There are 2 protein chains.
Amino acid sequence: MIEEPKGQAMQLDGRLSRMMHLLIHMDRANGPITSGEAAEMLHTNPVVIRRTMAGLRDVGFVRSIKGHAGGWTLLKPLESISMLDVYKAVGQPRIFAIGLADPAPDCLVEQAVNASMTSALEKAEALLIAQLGEVTLAAIAKDFDRRFSASCASSP
Amino acid sequence: MIEEPKGQAMQLDGRLSRMMHLLIHMDRANGPITSGEAAEMLHTNPVVIRRTMAGLRDVGFVRSIKGHAGGWTLLKPLESISMLDVYKAVGQPRIFAIGLADPAPDCLVEQAVNASMTSALEKAEALLIAQLGEVTLAAIAKDFDRRFSASCASSP
DNA sequence: CATATATGTAACTTCAGACATTACATATGA
DNA sequence: TCATATGTAATGTCTGAAGTTACATATATG
């Protein structure tokens, strides 16, 4: 009998997921969104927002304005931003939680093991990157619209 | 300019990699290998060996014998053990370090984001699992033999 | 210009999980 | 009996995302 992996929410890197979520909200907003407002949407802290958004600002996806009536503004259309773009903008977080015990071992057996592991991981990573590159935030926003219509239809 | 991911060795789950390494050594060994000997091979601690090998014992890949002349013995041929088998035996560790900020959000935008993220991750995971299932430890051992011959040829 | 409002950052703290280590119980062959 | 192994609980270590506090800086508005 093999144990199932733990089903609870553990310490995953949620930066990609969070920033996609926020960018779509920003696209829907009229004016700038403050870090405080964004933090409420994402159920987190304003500092976490600024910290993570910094990467998106550096690549020109958003702009930040200080002071009264300041906040964050989307600069590019969602059509031009892929999931992969966001992944890169948040610093290309490590993808896998599993990996090699020693990346450069003396033992030839371990070198052979590493070669097989690396090959498998690289193929999976390449597919993931390809998938992220194929989906734009606009496509996700469109999917949201579909879900929104569906939810309205079911609540009379 | 996008930052490269950190290149250092951080806390990856190395159980799959370690156990594959050890199983191949056990196949090459004459008698049982003690936890202490195994720990030296893997540059770790005997307790870590026992803890991780427990899963392999539970599925019948190895046997452990206590006391004098005891230790660990491989029970199945490497041909019959795939990387995936070992992955399952060590408890199917979590594969990804990235993931959803909230797996069950109220926000429909976030639900759409989650759907896209999950789709991409699931495809990558499926490919990884397929890759792990295609390679037996025997194939890795054979690759080791190739490397061993090559290393002998280059040292006169 | 003073002030409320925002962002920008540094400096913690918290948290989870693999791995490391110690300690001791238990089993077993010489 | 006793040295040798495994079995396992308990505890410490380490890493990085996320959370939090504190304060500096910038900027509309009265």
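Quick note on labels: first sequence line is chain A, next is B, and so on, each numbered from 1. Keep in mind the model is a prediction, meaning the values are calculated, not measured.
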Just how far, in rounded Å, is [atom2] of [N] from [atom1] of [X]?
X	N	atom1	atom2	value
Leu16(A)	dA18(D)	CG	P	11 Å
Leu22(B)	dC19(C)	CG	C1'	16 Å
Ile49(B)	dT6(D)	CD1	P	10 Å
Gln11(B)	dT13(D)	CD	C1'	9 Å
Ile95(B)	dA18(C)	CD1	P	14 Å
Arg63(A)	dA6(C)	CZ	P	16 Å

Verify the contact: side-chain N or O of [X] to OP1 or OP2 of [N], cut-off strictly under 4.0 Å; return yes or no.
X	N	result
Thr44(B)	dA20(C)	yes
Ser35(B)	dT6(D)	yes
Arg94(B)	dA16(C)	no
Arg50(B)	dT6(D)	yes

Candidate nucleotides dT6(D), dA10(C), dA20(C), ranked by approach to the side chain of Val48(B) - the nearest =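 Closest nucleotide among those given: dA20(C).
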Whichever of Arg18(A) and Ile33(B) has its nearest DNA chain D nucleotide further upstream toward 5' =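 Taking each residue's closest nucleotide, the earlier one in sequence belongs to Ile33(B).
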Starting from the 5' end of DNA chain D, give me the residue, His43(A) or Ala69(A), whose nearest nucleotide shows up first.
->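 Between the two, 5'-proximity favours His43(A).
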May I ask you to test the Met19(A)-Thr52(A) pair for a side-chain heavy-atom distance under 4.5 Å?
->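 In contact.
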Does Phe144(B) have any ring pair (Phe, Tyr, Trp, His ring centres under 6.0 Å) partners at least two apart in sequence or in another chain, and if so, which?
->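 Phe144(B) satisfies ring pair (Phe, Tyr, Trp, His ring centres under 6.0 Å) with Phe148(B) only.
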Are any side-chain N or O atoms of Asp85(B) and backbone N or O atoms of Ser82(B), one a donor and one an acceptor, separated by less than 3.5 Å?
->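 Answer holds: yes.
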Asp58(B) side chain to Ala89(B) main-chain N or O, any donor-acceptor pair under 3.5 Å?
->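 Not confirmed, Asp58(B) side chain does not pair with Ala89(B) backbone.
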Under the 3.5 Å rule, do the base of dA5(D) and the side chain of His68(B) count as making a donor-acceptor pair?
->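 Between dA5(D) and His68(B), which were checked side chain against base, a qualifying N/O pair under 3.5 Å is absent.
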Mapping Ser64(A) and Arg51(A) to their closest nucleotides on DNA chain C, which lands nearer the 5' end?
->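 Its nearest nucleotide lies further toward 5', so the answer is Ser64(A).
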Would you classify [X] as touching base, sugar-phosphate or nothing, given that sugar-phosphate means primed atoms plus P, OP1 and OP2, and contacts are heavy atoms under 4.0 Å?
X	value
Asn45(A)	base
Arg57(A)	sugar-phosphate
Arg15(B)	sugar-phosphate

In the hydrophobic clustering (ILVMFWY, side-chain contacts below 4.5 Å, transitive), which residues join Leu127(B), or is it alone?
->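 Traced through the cluster, Leu127(B) reaches Leu127(A).
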